[in-house]
2 protein chains.
Amino acid sequence: MTQEQYSKYSFLLDRTARKVKQYAQQQFKTGDFDVTVDQWLVLKNLSENNLLSQTELANLVFKDHPTLTRIIDLLCKKGYVERVPHPQDRRSFQLHLTESGASKVVSLRPEIHQIREKAWENLSPHDFEEFKRILNTIYQNLNGESLDQ
Amino acid sequence: MTQEQYSKYSFLLDRTARKVKQYAQQQFKTGDFDVTVDQWLVLKNLSENNLLSQTELANLVFKDHPTLTRIIDLLCKKGYVERVPHPQDRRSFQLHLTESGASKVVSLRPEIHQIREKAWENLSPHDFEEFKRILNTIYQNLNGESLDQ
DNA sequence: TTCATATATTTGTCACACTAACTATTGGTA
DNA sequence: TACCAATAGTTAGTGTGACAAATATATGAA
């Protein structure tokens, strides 16, 4: 694997990831979803897992702590999330989806599914499995220590 | 392709693209390369294609104009690139790699190859071809009009 | 108890992505 | 010639990502 051409994967990977995010964000915007793609990821994970700490949530969505702090700030401003003081540990918060946040997740979930499917035209379920396998292998190759599933 | 699980590709794609960039950036940093990953992409394309306009370069590297403006600004500050006024069109510039920029490209190219190869451990050349095919298909599915190569 | 160390979160800085608005210039057309 | 739409590039605003450092609290050992 010493050929010149092998450098191109990083370009294609970055380009495609940006396109996927950009496409979704445009659809979010025309649909007046009132959240960004990354804010949606956080909301979705909170809806499946209430009362997480910020650290736990950061590990779920693979964002670093400063980034997550700022996303939570924005979601709090919009009224979708609340920071509840942790009863035992005064350093940390339990993140709580508000009524408004919960209904936002319910209403957006099917629409976002449709948006996500668009990328898979002309591709097979087998392609999907291969894609996931390759992405996970690359991730683990570069991840140093842990295997995290 | 209507299953719940098909939403996950966007998460894995984003996560892996970030990891690839982060890994490379760390290596760039420990090697004192004095450029970011995106600045390298621009330098590399300039070295293969001198005297491009910013618009032409933007189309090559798939970055938007404001982003490219700032990357060029930084590369000019570092002395790797110059903006030469276009002889016929006073709106535009021809981008020119300086001596310093050209030798930077020569010295970094092999090191960056090594960094990029790390991602492909445990993967085959066939995986590489499949990966490129899937990435390009997704890109084109979302790209609306053009097929760009 | 007290101190060193670890953990949870925030803040600051720099780089990049996307949008919108703006300047300057060009080129076609009335 | 005078206008006007299109083009090249820049600037500003917001959101995100990575990294370093700061703050507050917790925990374990001396």
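Keep in mind that the numbers below use all heavy atoms, side chains included, and drop hydrogens, waters and symmetry copies. Note that this is a predicted model, so its numbers are computed, not measured. Every chain is numbered from 1, with letters handed out A, B, ... down the list of sequences.
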(Q) Quick check: on DNA chain C, is the nucleotide nearest A:F93 upstream (toward 5') of the one nearest B:K63, or the reverse? Name the residue that is more 5'. (A)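 Its nearest nucleotide being more 5', the pick is A:F93.
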
Q: Using heavy atoms to find the nearest nucleotide of DNA chain C for B:L68 and A:S92 separately, return the residue whose nucleotide is more 5′.
A: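 The answer here is A:S92.
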
Q) So, is the end of the A:R18 side chain (NZ or CZ) under 6.0 Å from the ring centre of B:F62 and within 45° of the ring's axis? A)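 Not flagged: A:R18 not positioned over aromatic ring of B:F62.
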
Q: Kindly work out whether a path of hydrophobic side-chain contacts (I/L/V/M/F/W/Y, heavy atoms less than 4.5 Å apart) joins A:F93 to A:L97.
A: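 Looking at the clustering, A:L97 is in a separate group from A:F93.
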
(Q) Less than 4.0 angstrom between a side-chain N/O of B:Q25 and OP1 or OP2 of D:dC19, yes or no? (A)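 For D:dC19, neither OP1 nor OP2 has a side-chain N or O of B:Q25 closer than 4.0 Å.
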
Q. Does D:dT16 have OP1 or OP2 sitting under 4.0 Å from an N or O in the side chain of A:T36?
A.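 Checking D:dT16 against A:T36, a side-chain N or O does come within under 4.0 Å of OP1 or OP2.
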
Q: For B:D64, report the nucleic acid contact type (base, sugar-phosphate, nothing); a contact means any heavy atom under 4.0 Å.
A: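 Base: the residue B:D64, judged by heavy atoms under 4.0 Å, touches a nucleobase.
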
Q: May I ask you to say what A:Q88 touches in the nucleic acid, namely base, sugar-phosphate or nothing, with a heavy-atom cut-off under 4.0 Å?
A: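 A:Q88: backbone/sugar contact only, no base atoms under 4.0 Å.
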
Q. In dot-bracket, 5' to 3', how would DNA chain C read with Watson-Crick or G-U wobble pairs under 3.5 Å, [ ] for crossing ones and | for pairs to another strand?
A. ||||||||||||||||||||||||||||||

Q.
If the condition is side chain to side chain contact (heavy atoms under 4.5 Å, CB included), which residues does A:N59 pass it with, not counting sequence neighbours?
A.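 Per chain and number, A:N59 pairs via side chain to side chain contact (heavy atoms under 4.5 Å, CB included) with A:T55.
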
Q | Qualifying residues under side chain to side chain contact (heavy atoms under 4.5 Å, CB included), relative to B:Q39, sequence neighbours excluded | A |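 Residues passing side chain to side chain contact (heavy atoms under 4.5 Å, CB included) with B:Q39: B:V35, B:T36, B:I71, B:L74, B:L75, B:K78.
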
**Q.** Nucleotides bounding contact with chain A, strand DNA chain C, heavy-atom threshold 4.0 Å
**A.**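 The contact span of chain A on DNA chain C goes from C:dA6 to C:dA20.
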
Q: Give the intermediate values and the outcome of salt bridge (charged side-chain N to carboxylate O under 4.0 Å, His left out) for residues A:D64 and A:R70.
A: CA-CA 10 Å; A:D64 61 19; A:R70 287 169 189 130; over 6 Å; no

Using a cutoff of under 3.5 Å, can you pull out all pairs of nitrogen or oxygen atoms linking the protein to nucleotides 20-25 of chain D, with atom names and distances?
residue : atom : partner : partner atom : Å
D:dA20  : OP1  : B:K29   : NZ           : 3.2

Q: Could you check which residues of residues 69-87 of chain A get a heavy atom under 4.0 Å from DNA chain C? Sort them by number, please.
A: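 Of all residues in residues 69-87 of chain A, the ones placing a heavy atom under 4.0 Å from DNA chain C are A:T69, A:R70, A:R83.
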
Q.
Counting C-beta onward and ignoring hydrogens, is there a side-chain heavy-atom pair between A:V20 and B:D14 closer than 4.5 Å?
A.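 Not touching, per the 4.5 Å side-chain cut-off.
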
